[in-house]
Number of protein chains: 2
Amino acid sequence: MPELKSRQVSQLPPLQAIRVFEAVARHLSFTKAAGELGMTQAAASYQIKLLEERVGAPLFLRRPKQIVLTEAGQRMAPAVSEAFALLGGAYAAARSGADGVLCVSTLLTFASNWLAQHLGSFQVAHPSLAVRLDTSNRLVDFAREDIDIAIRSGGGNWPGVEVHKLFNADFTPMLSPKLAATIGGVKEPADLLRLPILDPGDIWWRDWFIAAGLPVEELAKRPGSSMGAQAYEANAAIAGQGVPIVTAAFFKAELADGRLIQPFDLVGDDGHAYWLVYPPARRNLPKIRAFREWILAELAGQ
Amino acid sequence: MPELKSRQVSQLPPLQAIRVFEAVARHLSFTKAAGELGMTQAAASYQIKLLEERVGAPLFLRRPKQIVLTEAGQRMAPAVSEAFALLGGAYAAARSGADGVLCVSTLLTFASNWLAQHLGSFQVAHPSLAVRLDTSNRLVDFAREDIDIAIRSGGGNWPGVEVHKLFNADFTPMLSPKLAATIGGVKEPADLLRLPILDPGDIWWRDWFIAAGLPVEELAKRPGSSMGAQAYEANAAIAGQGVPIVTAAFFKAELADGRLIQPFDLVGDDGHAYWLVYPPARRNLPKIRAFREWILAELAGQ
DNA sequence: TTCAGGCATAAGCCCTCCTTATGGGCCGTG
DNA sequence: CACGGCCCATAAGGAGGGCTTATGCCTGAA
C-alpha cells in the first residue's frame, strides 16, 4: 500500500529529522547539536537537508560563523521544542512511574504467612518504591494483567516466565513449647496423639502420619475444623490450642524466638514449592531486580 | 562515543515506536493503527514491543477481543497525542507557510521595467500566494538569504542553481513617434544625430554606434546625464525628450501601443541576458513552479 | 597568508525496521 | 462441538535509511 504510506509520510515529518532540527535550532549549530545527539556533524547536516526538502523551504541560513533560522524555521522551532518537551516528559513519567510502583501478585497463603511479616524490610530498603499487592490464587498472565512480578506455588515449570525457587512447600507439625510441656515434651511422633490436632482433615496430616508411621485412623476421630490459612493455625498453635501441620519456612521467625517449635525433622513434601516468577524481558528492570534480590536474600539470610 | 549515544537514547524514546504507540492508543488496536500508518500489523506489534522494553513496563494489556492501556500507557498516551498534534501543526504550518509567501530577489532594473507592469497578472492568477520582492543588485546566495527565486543578469553560467533564460539584455535606440516626426522620421542611424541622445555616456551607445557605423566622437560632444534606470529614460523618451538606448524586451507594451518605436532592427548585444534562477532542490515546489511557469508564459505570449 | 572552525558532500556499510509467513488464543456460528 | 474468523505474537529475511569516515570549501581571525 504505497499510496497510503506516502499520504501518511506527508502528513507527519520524518521524526528523526525533526529531532535533529530541534537540537540544531536550540544550539544554532550543526556541530553542537550533533554532539548532543551523539552523532556526527555530517549526520546532522544530512537530516536537516532531508527535512528542508520535505518542508519545501530552507530552515536555516548558513552564515559564515553561525547559522540562523529562516522564517519557516522560526515558525516551526517553538512548537517542535514544546512537543519534544512533552514527549520527553511523558516518556520519563512512564519510565519512572514504571519504576515507582511494583505490582506483586501473590497467593493468599504466601501474603499472610510470609510477606506480611517481611515486606516491611523491603519498603525500608526501597523507600521510593511503592508496592501494590494483588492477592489471588489465579495464575496471573503477565500479558493480560498489570502485574510486574508474582509468587506462585506449583512445580515451577511454566513456559515463558523466569522462575526462582523460594522454598519447598513442605509441611511438618509445629506447636508451642508450653503445649509440649503439658505432656512432658514431645519426643516422638506418637506423642502428638495426646495433643489436639488442628485441622486433622488436612491431606498433609495424612501424608505426614504415614511417613511417621502413625495410624491414619486417629485423624478421622478428631474433630475437624479447618482454619484455612496457615497463619491462623499458627496463631492458634502459638496460643497453645493445638498442633497444626504447616510449612516451616513460613515461620522461621517464630521458630527462632521460641514461640513455636518444630519437634521433628521429618517433613512431608508433595513436590510443590513457592516460586518467584516474572517475564524474562523485564529481568533487569530496577524494581524487578530489587524485589528479586531482596526476597532471595531475605530467604537465604535467615 | 557510545556513552553519549546511549545516554541520549535513554532520555528520549525511539520516535518511530512512539508514533506507532500514539496510533495504537487511539485505535486500541494494533491492526487498525498499522493500517492508518500504512504498515503491517506485525510492524506495529514489533514497535510496541520495542517501546515496552524501553519504557520497562507493558503499555497495553492484550485482552481477547481488544487491547487496553496499562497504567503506564494511560499516563503516556495523552501527552504523546498532544505532542504529535503540536508537531503535525508546526510541520503543516511550515509547509503551507512555505507555500504562501514567495520571496523574489530581483534586479532593480528588472523590477521597475518589467515586473512592475506584469506582476499584477501573477497575483490575480495565484491569489493565495503573497509575493515579497527583494530588490537589490547583489548576487543572492540562496544558502544565506531567505529567498525563493531570483532574477539575475549575466552569462547564465552560475553553479548550483537552475536557470531559465528570460531574454537577452540587448539594446537598441527607442523614441516616441512624435520626436521622430520632428525630423521627418528616422530612416537611418545617422538621423539620430539630429536628435537629443539620452545618457550618451552609456557604454551601450558606444557599442551600438560602432555597430551602426556612426562616429563615436559624436557621443562625447553630447551633454552627459545618466538617469540610471531604463524606466526613467523610457519615460523621458515617451515624453519626447530624447532617444535612449534600452532593452527592447522591457518595453513591449509601449512598442505595441505606439508610445515608443524602435526605428532599427539593429540591436547591440554584449552577451548578457536576464535569467530566472532558483535552487534545483526546490524545482518542484508549487510556488516555484507557479512563478516559473507564469513568467515564461508571460514572456512567450506577448 | 595561513590557520582554525564550521558546514557540505561522497562513498560505503550496518542495522533498524518492515514484510511475508505462520502459529496460537478466543470468539462467534452452524 | 467443531470450524472459521479475528487479532496479536513471533520468526526469518531483505531493503533502504541513516550513520560514519574522509574530504573539500568557505570565511574570519591571527
Side-chain angles (χ1 to χ4, degrees), chain A residues 1-2 4-6 8-9 13-21 23-25 27-54 58-69 139 141-144 159-161 279-281, chain B residues 1-2 4-6 8-9 13-21 23-25 27-54 58-69 139 141-144 159-161 279-281:
Chain A
M1 47 189 87
L4 247 180
K5 182 163 190 177
S6 65
Q8 178 57 26
V9 156
L15 293 177
Q16 187 56 22
I18 286 268
R19 159 190 267 165
V20 174
F21 168 76
V24 174
H27 291 288
L28 287 179
S29 156
F30 285 48
T31 307
K32 293 207 188 80
E36 171 182 316
L37 296 175
M39 57 194 203
T40 59
Q41 169 270 323
S45 176
Y46 167 82
Q47 292 288 3
I48 294 299
K49 181 176 191 177
L50 203 107
L51 184 58
E52 287 178 327
E53 281 173 10
R54 277 291 181 72
L59 297 169
F60 298 97
L61 299 179
R62 279 73 167 174
R63 296 278 173 68
K65 242 351 198 183
Q66 74 170 28
I67 57 180
V68 299
L69 284 160
L139 201 68
D141 180 341
F142 293 102
R144 302 195 189 175
V161 293
Chain B
M1 45 191 89
L4 248 180
K5 183 163 189 175
S6 65
Q8 178 56 25
V9 158
L15 293 177
Q16 187 56 20
I18 286 269
R19 158 190 270 167
V20 175
F21 168 77
V24 175
H27 291 287
L28 288 180
S29 156
F30 285 49
T31 307
K32 293 208 189 80
E36 172 182 315
L37 296 175
M39 58 195 200
T40 59
Q41 168 269 323
S45 176
Y46 167 83
Q47 292 289 0
I48 294 300
K49 181 175 190 177
L50 203 106
L51 184 58
E52 287 178 327
E53 280 172 12
R54 277 289 180 71
L59 297 169
F60 297 97
L61 299 179
R62 280 73 167 173
R63 297 279 172 69
K65 235 359 196 181
Q66 73 170 25
I67 57 180
V68 299
L69 284 160
L139 201 68
D141 180 343
F142 293 102
R144 300 194 189 177
V161 293

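Every chain is numbered from 1, with letters handed out A, B, ... down the list of sequences.
The distance from atom CE of A:Met39 to atom P of C:dC15 is 18 Å, rounded to the nearest whole Å. Note: CG (A:Leu15) to P (C:dC17) measures 11 Å, nearest angstrom. Taking atom CG on B:Leu61 and atom P on D:dC7, their separation rounds to 18 Å, with Å as the unit. Look at CD1 on A:Ile48: it is 11 Å from P on D:dC19, rounded to the nearest Å. Atom pair B:Leu51:CG and C:dT16:P shows a separation of 16 Å (rounding to whole Å applied). Distance B:Glu53 CD to C:dT16 C1': 14 Å, rounded to the nearest Å. Remark: P of C:dC15 and CD of B:Gln16 are 19 Å apart, rounded to the nearest angstrom. Rounded to whole Å, atom P of D:dC25 lies 16 Å from atom CG of B:Asp141.
Every residue meeting the side-chain contact (heavy atoms from CB on, under 4.5 Å) condition with B:Lys32, not counting sequence neighbours, appears here in chain and number order: B:His27, B:Ser29. Under the side-chain contact (heavy atoms from CB on, under 4.5 Å) criterion, B:Glu53 pairs with A:Ala281, B:Lys49, sequence neighbours left out. Scored by the side-chain contact (heavy atoms from CB on, under 4.5 Å) test, A:Ala23 finds A:Arg26, A:Ala33, A:Glu36, A:Leu37 as partners (sequence neighbours excluded). Under the side-chain contact (heavy atoms from CB on, under 4.5 Å) criterion, B:Phe142 pairs with B:Val140, B:Ile147, B:Ala150, B:Arg152, B:Val161, B:Val277, B:Pro279, B:Arg282, sequence neighbours left out. Every side-chain hydrogen bond (donor to acceptor under 3.5 Å, both in side chains) that B:Arg62 has, sequence neighbours left out, goes to B:Glu52.
The side chain of A:Arg144 places an N or O atom within less than 4.0 Å of a non-bridging phosphate oxygen (OP1 or OP2) of C:dC26.
The structure places CD1 of B:Ile18 at 10.5 Å from CZ of B:Arg54, a figure rounded to the nearest 0.5 Å.
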I need a per-nucleotide contact map over nucleotides 1-9 of chain C, read 5' to 3'. Cutoff is protein heavy atoms under 4.0 Å; write B for the base, S for backbone only, - otherwise. ----SSBBB

